[in-house]
Amino acid sequence: MANSARARELLLSARNLVILTGAGVSAASGVPTFRGPGGLWRHFRSEELATPRAFAGDPSLVWEWYHWRRETVRTKLPNGAHLAIARLQSKPPANLLSAVLVTQNVDGIHPLAGSPCIEMHGSLFRTKCTNSRCPGSSKATEDRRSPIVEALRGRGAPDVEERGPQIPEEELPRCGECGSLTRPAVVWFGENLDPAVMASVQDALQACDLLFVVGTSGLVYPAAGFAEEVQARGGNVVEFNVERTRQDADPSRRGRGAYLFVEGPCEVTVPAVVNAALAR
Ligand code: OAD
Ligand code: ZN
């Protein structure tokens, strides 16, 4: 049986499903992945800019990058993978008691497709205050303005030669409560994930007997460990990716759940599996 048919059978016998997605799920919507082509902004990798240190050293540069990402993403639409996941959540097959979506993406496209979802890494469209004494530092505020501040209008071009003047801190996004500089409400490298968010992810993982891993390179923890965690408990894992990311998966290991790899673009493979399951 082809792996996608086996994936459908697993979906039709599961009780609690968790779907973990990464940048690959939005690739067909035109959002560049982090580690694929188009993953560099100017000459920077995301690991160089998405850090507290980078922001403290050059808030103007980091805000330019986020401004560019916000403006890029706001015009993008859900693709077949987002829509199939949303359909699975809103009209699950009778065997499924729950279908929890956990995304590492900050692009907001799953919510746009109508999916309830746990945004593990936050969102490009929320900000928080950098002043730790301000209540706005512990709660994120939605901000969909375009541009988020006038000083960023026309800035953030990704070309390597691009190097505009630094934007003074007073002209970057500021907190509505205390006037301090705000930052994107996303989780940066070197920062902890929100404990409440992680607790709900852990609850879902503990309960699940099937995990779909869609379009993620599986390099960034804690998400990178989810598949192993589920399999170690005897749960099944299906990975949808254009290339294989896990070499260790040995379906013959006794006492562990199955691991299936469905190769191909997820905007094609995920709807194929979901539609076949929902058609039954
Ligand atoms: P990556 O860019 O590391 O990986 C994207 C994955 O999607 C790769 O494994 C690709 O093979 C796969 N892919 C690309 N196009 C696809 C398609 N059409 N169908 C299926 N798969 C496809 O992105 P993430 O794994 O999401 O963190 O990266 C994880 C985290 O690292 C991000 O959340 C971000 C980043 O730095 C933070 O910002 C904290
Ligand atoms: Zn504040």
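Remember, it's 1-based here, ligands and their atoms both numbered in the order they're listed.
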To the nearest 0.1 Å, how far is atom 39 (C) of ligand 1 from its closest protein heavy atom, and which atom is that?
-> Val187 O, 3.1 Å
Heavy-atom proximity to atom 4 (O) of ligand 1 ranks first, among Pro37, Gly38, Ser217, for Ser217
Closest protein heavy atom (residue, atom, distance) for atom 37 (C) of ligand 1 = His121 ND1, 3.8 Å
Per atom 8 (C) of ligand 1, closest listed option by heavy atom (Asn241, Val220, Thr51, Thr33) = Asn241
Judged by non-hydrogen atoms, does Leu219 sit under 4.0 Å from ligand 1?
-> no
For the atom pair CG (Leu172) and CD (Glu169), what is the distance rounded to the nearest 0.5 Å?
-> 6.5 Å
If you measure from each non-hydrogen atom of Glu47 to ligand 1, which part falls under 4.0 Å: side chain, backbone, both or neither?
-> neither
Shortest protein contact, atom 14 (C) of ligand 1 (heavy atom only) | Gly24 CA, 3.8 Å
Are Trp188 and Phe55 near enough that their ring centres are under 6.0 Å apart?
-> yes
Heavy atoms from other residues, nucleotides or ligands near CZ of Arg74 exceed 12 (cutoff 6.0 Å) | yes
Touching ligand 1 at all, Ser46? Heavy atoms, strictly under 4.0 Å?
-> yes
Taking the Zn ion (ligand 2) as the vertex, measure the angle between atom SG in Cys134 and atom SG in Cys178; round to 10°.
-> 110°
From atom 25 (O) of ligand 1, work out which of Val213, Val242, Thr216 has a heavy atom at the shortest distance.
-> Thr216
Nearest-contact summary for atom 26 (O) of ligand 1 - protein heavy atom, Å = Ala23 N, 2.7 Å
Answer yes or no: does an N/O atom from Gly215 fall short of 3.5 Å to an N/O atom of ligand 1?
-> yes
Of Pro184, Ser26, Ala27, Cys266, which has the heavy atom at the shortest distance from atom 19 (N) of ligand 1?
-> Cys266
Verdict with supporting geometry, Lys128 and Glu191, salt bridge (Lys or Arg N to Asp or Glu O under 4.0 Å) = CA-CA 14 Å; Lys128 60 184 186 184; Glu191 291 183 325; 5.5 Å; no
To atom 28 (O) of ligand 1, the nearest of Arg35, Arg244, Gln104 on a heavy-atom basis is Arg35
shortest atom 32 (C) of ligand 1-to-protein heavy-atom contact is with Phe34 CE1, 3.5 Å
All ring pair (Phe, Tyr, Trp, His ring centres under 6.0 Å) counterparts of His67, not counting sequence neighbours = none
Under-4.0 Å heavy-atom contact with ligand 1, by part of Phe189 that carries it | side chain
Please work out whether the ring planes of His110 and His82 are parallel, tilted or perpendicular, with thresholds of 30° and 60°.
-> perpendicular
